[in-house]
Amino acid sequence: MKKLWLIALTLCLFTTPLHAAPAASEPRAGLEGKVIEHTFKNGMKLLMVERHTSPTVAAWIRFRVGSVDERSDERGLAHMLEHMLFKGTKTLGTRDYAAEKPILDRIETTEQALIAEKARREKGDKARIAELEKQAAKLQAEAEKYVIKDEFFELYAKNGGVGYNAFTSRDGTTYLINLPSNKLELWAAIESDRMQNPVLREFYSERAVVMEERRRSTDADPESKLWETFVASSFLAHPYGQPTIGWMPEIENLTRTKAERFFHAYYGPQTAIVAIVGDINPKATIALVERYFGGIPAGGEPPPVTAVEPKQAGERRIELIAEAEPTLIMGFHKPAITAPDDYVLDVISMILGNGRTSRFHKDLVVEKQLATDVGVFDAPGSRYPGLFVIDANPRAPHTSQEVEEAILAELERLKSEPVAERDLQRILNKIEYEEARRMGTNGGLARNLTEYEATTGSWRYMIEYRRKVAAVTPADIQRVARQYFTRENRMVGFITKKGADLK
């Protein structure tokens, strides 16, 4: 489920437990008073929390640009840029950029000609394709002489940085690092340089890496392939249906020119949310960030996603026949993260799938032993309406159909049988206990600040979330279950093992 980190943060780190009165000796200091925010003239938002428990900081940059913001000829660019922005700048990652640049330009001209010739399909000149491929390989080998591999990583590692990473989703792209607090200026120098002067060197060799990633993680994995098809079939109009990595033909046609255009249009301070959490002086931190990022000009915002998914009018079923054990996925269309019913669906997710005391685990896994595991989560994003998803792995000799029937029975129970108040309190208390340790980290808080600022428009969603979840009633649960868990709003995907009785 999507908000376990958030619940722990609001319940444990900054407030007293749910429904409990604060102790007389402990003034109730909420998150509202701990987050310091500053917006620079170029639009970049800085969120800070001062915590002096250790001489370290977590620094996260979240761009409000994800694969949902791509257009038809850009599919896969957000994920590709995640890879490419580790390749360096005009000063980092190169031995001599002045000598390297002309070769990179020649590679681009050659690769674009190669893509154009291949696009002619059967009319393409095979001899010309072979010659262009030979030229591209020769140029790439020449350019490689100037590359300094992983210089970002080396700089951070030599200065105590750990956890340097990035991830891309439908909703955004994030870069993160944990480092000693006295190295924060190094972070500012590196990341501001990367925001202004990225060089997408090794683009086409990295594109081949992404293609192999797709073959390995999706095309060759039946469960991943089912999931991708399931999501694509759930969204016929909205770009949430497109995989973040892109379809293979789309990846094959990505170019450095397209990537540079996409980056310079949207990956600037105007879409950047920075969270710095840890051993900092907020006033000095604002001055530091202003010095390095304040002069970067703002670009544009991605055009709003105007496509609205048509209301589903009947159940959709997806079957994948593969050399794999049976798998079942069930999904229901649901509203975006800030809609009132989304809070209720979060509580339902906790009731059904949160741990060993959840209904699915007790009924399907322990008592009836129909499945080895059952999970509940939201997908594929939060900014726009998405899916409430249930996935399960049937336990032999039981079938996907048996598991599906048992899941539907539990959903019907939610509609007809009010959830006990004590069960709601028990679930929330359990989440408070289980997630407190994870949210105790600087990185966990930085993640939530950037995530909710980007997806909801304000990190203060985290403050309201606690109150709204605690206010959910048994009647709310029944109403929402009846509204969303219907046949006409349902998607079902399943794997049938190759060679099984398919009658």
Would a 4.5 Å heavy-atom cut-off, applied to side chains only, mark Leu81 and Thr173 as touching?
no
Hits for side-chain contact (heavy atoms from CB on, under 4.5 Å) against Asp193, two or more places apart or cross-chain, chain-then-number order -> Thr89, Thr91, Leu92, Asn197
Contacts of Thr174 meeting side-chain contact (heavy atoms from CB on, under 4.5 Å) (sequence neighbours excluded), chain-then-number -> Trp60, Arg62, Phe167, Leu176
Sorted by chain and number, sequence neighbours left out, ring pair (Phe, Tyr, Trp, His ring centres under 6.0 Å) with Phe388 holds for Phe485
Residue pairs passing the side-chain hydrogen bond (donor to acceptor under 3.5 Å, both in side chains) test with at least one member in residues 230-240, sequence neighbours excluded, are Asp171-Tyr240
Those residues at least two apart in sequence (or on a different chain) that pass side chain to side chain donor-acceptor pair (under 3.5 Å) with Glu464 are Arg467
- [ ] Tell me yes or no: between the side chains of Glu144 and Gln140, is some donor less than 3.5 Å from an acceptor?
- [x] no
**Message:** Test your reading of the model: is there a side-chain donor-acceptor pair from Asn448 to the backbone of Leu445, 3.5 Å cut-off?
**Reply:** no
Contacts of Glu117 meeting salt bridge (Lys or Arg N to Asp or Glu O under 4.0 Å) (sequence neighbours excluded), chain-then-number -> Arg120, Arg128
What class does the angle between the rings of Phe293 and Trp187 fall in, given that below 30° is parallel, 30 to 60° is tilted and above 60° is perpendicular? tilted
- Task: Measure the shortest side-chain to side-chain distance between Met84 and Phe203 over non-hydrogen atoms and say whether it is less than 4.5 angstrom.
- Result: yes
Backbone of Ser382 reached by a side-chain donor or acceptor of Thr455 within 3.5 Å | no
- Item | Glu185 and Arg291: CA distance, side-chain angles, deciding distance, salt bridge (charged side-chain N to carboxylate O under 4.0 Å, His left out) verdict | CA-CA 10 Å; Glu185 186 165 7; Arg291 188 160 70 250; 3.5 Å; yes
By salt bridge (Lys or Arg N to Asp or Glu O under 4.0 Å), Glu82 pairs with (sequence neighbours left out) none
Sequence neighbours excluded, the answer for side chain to side chain donor-acceptor pair (under 3.5 Å) partners of Gln135 is Glu131
Please find out if less than 6.0 Å separates the ring center of Phe377 from that of Trp227. yes
Next on the checklist: Would you say Glu191 and Tyr292 are linked by a side-chain donor-acceptor pair, where the criterion is simply a distance under 3.5 Å?
Outcome noted: no
Sorted by chain and number, sequence neighbours left out, ring pair (Phe, Tyr, Trp, His ring centres under 6.0 Å) with Tyr175 holds for Phe86
Can you find a pair of side-chain heavy atoms, one from Ile115 and one from Gln112, that are under 4.5 Å apart? no
Notebook entry, point to check: Are the side chain of Glu453 and the backbone N or O of Trp459 linked by a donor-acceptor pair below 3.5 Å?
Noted result: yes
- Task: With salt bridge (charged side-chain N to carboxylate O under 4.0 Å, His left out) as the test, would you mind laying out the steps for Lys225 and Asp221 before giving the verdict?
- Result: CA-CA 6 Å; Lys225 196 170 185 179; Asp221 179 61; over 6 Å; no
ask   = Judged by atom type as modelled, is there a donor-acceptor pair below 3.5 Å linking the side chain of Ser224 to the main-chain atoms of Ser217?
value = yes
When every non-hydrogen atom of Pro180 is compared with those of Gly160, the smallest separation belongs to CD-O, 3.4 Å
For Lys87 and Arg201, the nearest pair of non-hydrogen atoms, with its separation, is O-NH1, 3.1 Å
(request) Any chance you could lay out the side-chain hydrogen bond (donor to acceptor under 3.5 Å, both in side chains) test for Ser54 and Thr56, step after step, and finish with the verdict? (result) CA-CA 6 Å; Ser54 69; Thr56 60; 2.7 Å; yes
Residues at least two apart in sequence or cross-chain that pass side-chain contact (heavy atoms from CB on, under 4.5 Å) with Glu325, listed by chain then number, are Lys497
query: Do any N or O atoms from the side chain of Arg194 and from the backbone of Leu85 form a donor-acceptor pair under 3.5 angstrom?
result: yes
Contacts of Glu228 meeting salt bridge (Lys or Arg N to Asp or Glu O under 4.0 Å) (sequence neighbours excluded), chain-then-number -> Arg214
All heavy atoms of Arg64 vs all of Pro302, minimum pair found to be O-CG, 4.1 Å
Evaluate the criterion salt bridge (charged side-chain N to carboxylate O under 4.0 Å, His left out) for residue pair Lys334 and Asp342; output intermediate values, then yes/no.
CA-CA 7 Å; Lys334 61 173 285 295; Asp342 191 62; 2.6 Å; yes
Residues passing the side chain to side chain donor-acceptor pair (under 3.5 Å) test with Asp279, sequence neighbours excluded, are His52, Ser181
Ring centroids only, cut at 6.0 angstrom: are Tyr156 and Phe152 within range, meaning strictly under it? no
(message) Please evaluate residues Glu142 and Lys138 with respect to the criterion salt bridge (charged side-chain N to carboxylate O under 4.0 Å, His left out), reporting the C-alpha separation (whole Å), side-chain torsions for both, the decisive distance (0.1 Å), and the verdict.
(response) CA-CA 6 Å; Glu142 189 176 348; Lys138 183 179 179 180; over 6 Å; no
### Geometric class of the Tyr343/Tyr465 ring pair [parallel <30°, tilted 30-60°, perpendicular >60°]
tilted
| query | Below 4.5 Å, heavy atoms only, C-beta onward: do Phe63 and Ile273 meet side chain to side chain? | reply | no
